[in-house]
Amino acid sequence: MKLEELLRECTYEVVCGSVDVDVCDIVMDSRKIVPGCVFVAIVGANSDGHDFAGQAAEKKASAVVVSKDIDLSGMEDVTVIKVQDTRYAVALMAAAFFGYPAKELFTIGITGTKGKTTTTYMVKNVLDACNIKTGLIGTIETIIGEERVPSCNTTPEAYAIHKAFRKMVDAGCKAVVMEVSSQGLMLHRTAGILFDIGVFTNLEKDHIGPNEHTSMEHYMQCKGMLFKQCKTGIINCDDVHAAQVLTGHTCNVETYGLSEKADLRATDIKFFHEAGHIGTIYQVTGKINETIELSMPGIFSVYNSLCAIAVTSHFDISMEILKKALLSVKVKGRIEPVKVSDKFTLLIDYAHNAMSLESILKTLREYEPKRLVCLFGCGGNRSRDRRFEMGEVSGKYADLTIITSDNPRFEEPQAIIDDIKTGIARTDGEYVEIINRKDAIRYAIENGREGDIIVLAGKGHEDYQEIKGVKYPMDERVLIAEVMKELCMQI
């Protein structure tokens, strides 16, 4: 492809050379430069790609795209292009390189502090069930047909997004649903994509700090960027930040929520807990009037499913198929039920900070368990305050805490557990400590009582444990199966 074609949507200046050169690939990592590629110099948190422009010339790159003035000595055989923002430019270039695949898909982007992951799976579940083949990009993985690729970022770099979009189109996908993080929006990873639907789930104080957002206002502003690049915005109107996130929006707006002003509203919400199973039933009213049943607990599951209904109502779908798809949806590591007994309920959840742990424990309290048991650990080489806070939360809301190991990294597991115990000591909560996570899970299952709800928190979808710089395979579902086999119990 000619460089000129790649730059079709960009505003740029030719510093030297010509845009009439062939380009074989787009590269942002200097270690991946190959002859004939275009190297785009990105300013990152720890390094500046402009410092490697000379390497691009040495490795026979066809062109270099920069946003700063660089030393042109030794660049005689390389085209140098200057743009205002290389992150924005690379997003437009990636779209062109892969033939604008977003235009061949019905694109759904979901942003918000919580609920993005579960809602994307709900939407995909419904559309797939209605024979609308749908790709997914998110925190856990990218799904293209039968292919599943674990994720590094909630919202990948623009090149990876458009590469995935092209593979989705080639695989016969008609739609894609993706998580669009505030970080992804801030770094222009989705720049140039006009989403058919943009979604706002909610907003809480999070991701404020170095290399993230400078303030809550900046966080809201970045979330709001999605609603200046979508045709229809679907908004949780119950969230107090909804109006601010929509500031300057250019889309048609639809709403969902529990309040009377919502276009799509949930009423008559009922929680049930029986025979090792918990769930939720509610009535949806507005443009759709149906009874919805979920195998997931809590008000947040109502919001997530309500959002999925609002999104999928833009397709020609069967209500019966939609209801069955929502009932059967299961998201790895997100309040994920694992059937081990009719006596008690066992769940796996990714809650790995005090805010998320408090949310899940308070939610599960609403199901009136005989006992609420929380098994968790904390990551090593991270803030000790998180350990104190999580210990205090579990001690406050759980009847029994089983303290164990998470990803100790380069710390001693016992030292981390001792910090968690410091937090629990601020409460009257009971606890046991079992360093080995499999042994801890075994204890939870062996000692499960009639009517208990047991939540294994912190690992969620992760399938490894990081110790001394090495990631060892460890999937809680596998551990549960091993324990059940050892106990001669039938799942």
Side-chain angles (χ1 to χ4, degrees), residues 276 333 335-338 340-341 343-354 356-365 367-380 382 384-409 411-460 462 465 467 474-489:
I335 328 172
E336 178 189 352
V338 180
V340 298
S341 171
K343 290 197 312 178
F344 57 86
T345 301
L346 181 66
L347 304 166
I348 296 174
D349 193 77
Y350 188 51
H352 59 288
N353 58 39
S356 56
L357 188 63
E358 181 175 355
S359 176
I360 186 62
L361 293 180
K362 288 173 74 173
T363 292
L364 295 175
R365 271 279 168 220
Y367 288 81
E368 300 180 352
K370 183 74 173 179
R371 291 187 311 167
L372 179 55
V373 179
C374 178
L375 180 154
F376 81 99
C378 289
R382 298 292 187 270
R384 293 181 68 198
D385 287 342
R386 175 179 289 191
R387 305 168 193 175
F388 305 144
E389 292 165 358
M390 290 184 71
E392 185 171 3
V393 164
S394 189
K396 181 178 179 181
Y397 293 103
D399 296 295
L400 173 66
T401 299
I402 303 172
I403 314 172
T404 187
S405 188
D406 193 288
N407 292 320
R409 299 186 177 90
E411 286 194 68
E412 290 303 318
Q414 187 62 53
I416 299 171
I417 287 174
D418 289 343
D419 282 343
I420 295 171
K421 286 160 57 180
T422 298
I424 291 183
R426 299 169 183 167
T427 74
D428 297 324
E430 295 183 16
Y431 71 88
V432 296
E433 54 180 293
I434 303 171
I435 291 181
N436 181 280
R437 200 168 183 104
K438 180 180 175 180
D439 291 342
I441 291 172
R442 182 188 180 100
Y443 179 89
I445 292 174
E446 274 192 302
N447 293 278
R449 301 177 188 172
E450 187 90 34
D452 282 356
I453 296 178
I454 303 169
V455 59
L456 314 183
K459 294 298 292 177
E462 292 181 352
Q465 186 175 43
I467 303 171
M474 191 189 78
D475 186 316
E476 289 191 316
R477 294 143 209 83
V478 174
L479 297 184
I480 292 167
E482 290 175 354
V483 166
M484 297 297 285
K485 184 176 180 180
E486 290 164 9
L487 295 175
C488 299
M489 297 171 68

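Fair warning: this is a prediction, and the values are worked out from it, not measured in the lab.
Two residues are said to be in side-chain contact when any heavy atoms from C-beta on lie closer than 4.5 Å; V340 and T345 fail this criterion. Considering only heavy atoms from C-beta on, K459 comes within 4.5 Å of N407 through its side chain. D399 is not listed as a side-chain neighbour of V373, based on a closest heavy-atom distance of 4.5 Å or more. A heavy-atom distance below 4.5 Å is not found between the side chains of L346 and I453. Looking at I445 and F344, their side chains come closer than 4.5 Å, going by heavy atoms from C-beta outward. Residues D406 and C378 fail the side-chain proximity criterion, which asks for heavy atoms closer than 4.5 Å.
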Kindly determine whether V455 and C374 satisfy side chain to side chain contact (heavy atoms under 4.5 Å, CB included), including the steps that lead there. CA-CA 5 Å; V455 59; C374 178; 4.2 Å; yes
Does the pair I420 and F376 meet the rule for a side chain to side chain contact (heavy atoms under 4.5 Å, CB included), with working shown? CA-CA 10 Å; I420 295 171; F376 81 99; 3.5 Å; yes
Can you list the steps and then say if V338 with L347 is a side chain to side chain contact (heavy atoms under 4.5 Å, CB included)? CA-CA 6 Å; V338 180; L347 304 166; over 6 Å; no
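Take D439 and apply the salt bridge (charged side-chain N to carboxylate O under 4.0 Å, His left out) test, not counting sequence neighbours, and it matches no residue. Scored by the salt bridge (charged side-chain N to carboxylate O under 4.0 Å, His left out) test, E358 finds K362 as partners (sequence neighbours excluded). With sequence neighbours left out, the salt bridge (charged side-chain N to carboxylate O under 4.0 Å, His left out) criterion links R449 to no other residue. Among residues two or more places apart in sequence or in another chain, the side chain to side chain donor-acceptor pair (under 3.5 Å) test is passed with R382 by none. With sequence neighbours excluded, the residues satisfying ring pair (Phe, Tyr, Trp, His ring centres under 6.0 Å) with Y350 are H352, H461. Remark: K485 engages no residue in a side chain to side chain contact (heavy atoms under 4.5 Å, CB included) (not counting sequence neighbours).
Residue R442 holds its CZ atom at 12.5 Å from CG of L479, rounded to the nearest 0.5 Å. Distance check: S405 OG to I417 CD1 gives 6.5 Å after rounding to the nearest 0.5 Å. Here the CZ atom belonging to R437 is positioned 6.0 Å from the CD1 atom belonging to I441, to the nearest 0.5 angstrom. The CZ atom of R386 sits 5.5 Å away from atom CG of N353, with the distance rounded to the nearest 0.5 Å. Here OG1 of T404 is found 6.5 Å from CG of N436. Values are rounded to the nearest 0.5 Å. Here I454 contributes atom CD1 and Y443 contributes atom OH; the two are 10.5 Å apart, rounded to the nearest 0.5 Å.
A distance-only check finds a donor-acceptor pair linking the side chain of D349 to the backbone of I335 [under 3.5 Å]. A donor-acceptor pair is defined here as one N or O able to donate and one able to accept, closer than 3.5 Å; no such pair exists between the side chain of E462 and the backbone of D475. Looking at T401, its side chain never comes within 3.5 Å of a backbone N or O of I403 through a donor-acceptor pair. Side chain of D452 to main chain of R371: a donor-acceptor pair is present (N/O by atom type, distance under 3.5 Å, no hydrogens or angles). Between the side chain of T427 and the main chain of I424, a donor-acceptor pair closer than 3.5 Å is present.
A donor-acceptor pair shorter than 3.5 Å cannot be found between the side chains of D419 and T422.
Atom CZ of R384 has 12 or fewer heavy atoms from other residues, nucleotides or ligands within 6.0 Å. Within a 6.0 Å radius of CD in Q414, more than 12 heavy atoms belonging to other residues, nucleotides or ligands are found. Crowding of K396 atom NZ: a count of heavy atoms from other residues, nucleotides or ligands under 6.0 Å not exceeding 12. More than 12 heavy-atom neighbours from other residues, nucleotides or ligands sit within 6.0 angstrom of CD on E486. In the displayed structure, E368 atom CD is contacted under 6.0 Å by at most 12 heavy atoms of other residues, nucleotides or ligands.
Salt-bridge annotation for E411 and R387: present, with a side-chain N of the basic residue lying under 4.0 Å from a carboxylate O of the acidic one. A salt bridge does not link K370 with E450: none of the charged nitrogens is closer than 4.0 Å to a carboxylate oxygen.
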